[in-house]
Amino acid sequence: MMSETIQLSKYQNVLQQLLEKSAVLSLAVINEQQEPEASLVPFLYDSDCFWVFVSQLSGHTQHLLKAPNVSVLIFNTEEKMKNPFAIQRVSASCQVSIERERRDEILDRMTQKLGETVSLLRQLGDFHLFKLAPNNGRLIAGFGQAFDIDFTAMTLEHIGKPENG
């Protein structure tokens, strides 16, 4: 049991690093023509949610304004890939809402993480802050290292047969 706890702790650290250190996520939506559409957007992970600040002129923003859910994918873009089949990544299904109550606080945190461009974008009237609250997700930490994520409890459950050793 102790070995399993140590292993899960290792993978929880991988999850935390991906959520906190990554600056861009891939956003997957269904557009008005009912076709899949993917885009890359800067994000902040804070208070157990993904936060994106995007222009109303973007196609994905139109979806976020109208639909209650999206899917996100995060991977370490700075790590040199030894094997692209085993890249560490997190995916999650999320509930979408516009954030008004904590807007200034979240945008200040986004500025700290993502830089002064956020300050410039705050002055533009077509940008909206969206809260993407994850329901469930999956962490792929490498071959044979796949986990379902319970974002509420921030726990991982190994998928497939347990690791040896």
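- The shortest heavy-atom contact between A141 and Y11 is CB-CD2, 3.7 Å.
- Taken to the nearest 0.5 Å, the OG atom of S22 stands 5.0 Å off from the CZ atom of F43.
- No continuous path of hydrophobic side-chain contacts links M110 to L64 [ILVMFWY only; heavy atoms under 4.5 Å].
- R89 places none of its side-chain heavy atoms less than 4.5 Å from the side chain of L18.
- Separation of atoms NZ (K66) and OG1 (T61) is listed at 11.5 Å; rounding is to 0.5 Å.
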Start with the C-alpha gap between Q88 and Q145, add the side-chain angles, then the distance that decides, and say whether side chain to side chain contact (heavy atoms under 4.5 Å, CB included) holds. CA-CA 9 Å; Q88 294 180 337; Q145 301 169 355; 5.7 Å; no
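- With values rounded to the nearest 0.5 angstrom, L19 atom CG is found 7.0 Å from I149 atom CD1.
- A donor-acceptor pair under 3.5 Å is absent between the side-chain atoms of H63 and the main chain of A28, judged by distance alone.
- Note that OG of S91 is 12.0 Å distant from CG of L25, once rounded to the nearest 0.5 Å.
- V29 and W51 are members of different hydrophobic clusters when ILVMFWY side chains are connected at heavy-atom separations under 4.5 Å.
- By the criterion of side-chain heavy atoms lying less than 4.5 angstrom apart, applied directly or through intervening Ile, Leu, Val, Met, Phe, Trp or Tyr residues, L57 is not grouped with L124; the two fall into different hydrophobic clusters.
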Residues 98-108, side-chain donor-acceptor partners within the protein, below 3.5 Å, at least two apart:
| residue | atom | partner | partner atom | Å |
| --- | --- | --- | --- | --- |
| E99 | OE2 | E101 | N | 3.4 |
| E99 | OE2 | R102 | N | 2.7 |
| R102 | NE | E105 | OE1 | 3.2 |
| R102 | NH1 | S47 | OG | 3.4 |
| R102 | NH2 | S47 | OG | 3.1 |
| R102 | NH2 | E105 | OE2 | 2.9 |
| D104 | OD1 | R122 | NH2 | 3.3 |
| E105 | OE2 | R109 | NH1 | 3.3 |
| E105 | OE2 | R109 | NH2 | 3.2 |
| D108 | OD1 | R122 | NH1 | 2.7 |
| D108 | OD1 | R122 | NH2 | 3.4 |

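- Here the closest non-hydrogen pair linking T111 and S119 is CG2-OG, 3.7 Å.
- Every side-chain hydrogen bond (donor to acceptor under 3.5 Å, both in side chains) that H128 has, sequence neighbours left out, goes to Q56.
- For the atom pair OG1 (T152) and CE (M154), the distance works out to 10.0 Å, reported to the nearest 0.5 Å.
- Of all the heavy atoms in I30 and P36, the pair that sits closest is CD1-CA, 4.0 Å.
- Ring pair F151/Y45 is tilted by interplanar angle, where 30° to 60° counts as tilted.
- With sequence neighbours left out, the salt bridge (charged side-chain N to carboxylate O under 4.0 Å, His left out) criterion links E116 to no other residue.
- Under the 4.5 Å side-chain criterion, counting only non-hydrogen atoms from C-beta, L40 is in contact with S26.
- Here the shortest heavy-atom pairing between V72 and F50 reads CG2-CE1, 4.0 Å.
- In the hydrophobic clustering of this structure, V54 groups with L65; members are Ile, Leu, Val, Met, Phe, Trp, Tyr whose side-chain heavy atoms approach within less than 4.5 Å, directly or through other members.
- Closest of all the heavy-atom pairs between P42 and V52 is O-CG1, 3.7 Å.
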Using distance only, find each side-chain donor-acceptor pair of residues 129-140 under 3.5 Å and give its atom names and separation, not counting sequence neighbours.
| residue | atom | partner | partner atom | Å |
| --- | --- | --- | --- | --- |
| N135 | ND2 | Q95 | OE1 | 3.4 |
| R138 | NE | D148 | OD1 | 3.2 |
| R138 | NH2 | D148 | OD1 | 2.8 |

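- In this view, Q17 satisfies the side-chain hydrogen bond (donor to acceptor under 3.5 Å, both in side chains) rule with no residue, not counting sequence neighbours.
- Grouping the Ile, Leu, Val, Met, Phe, Trp and Tyr side chains by contacts below 4.5 angstrom, directly or via other members, places F147 with L15.
- Under the side-chain hydrogen bond (donor to acceptor under 3.5 Å, both in side chains) criterion, S39 pairs with H60, sequence neighbours left out.
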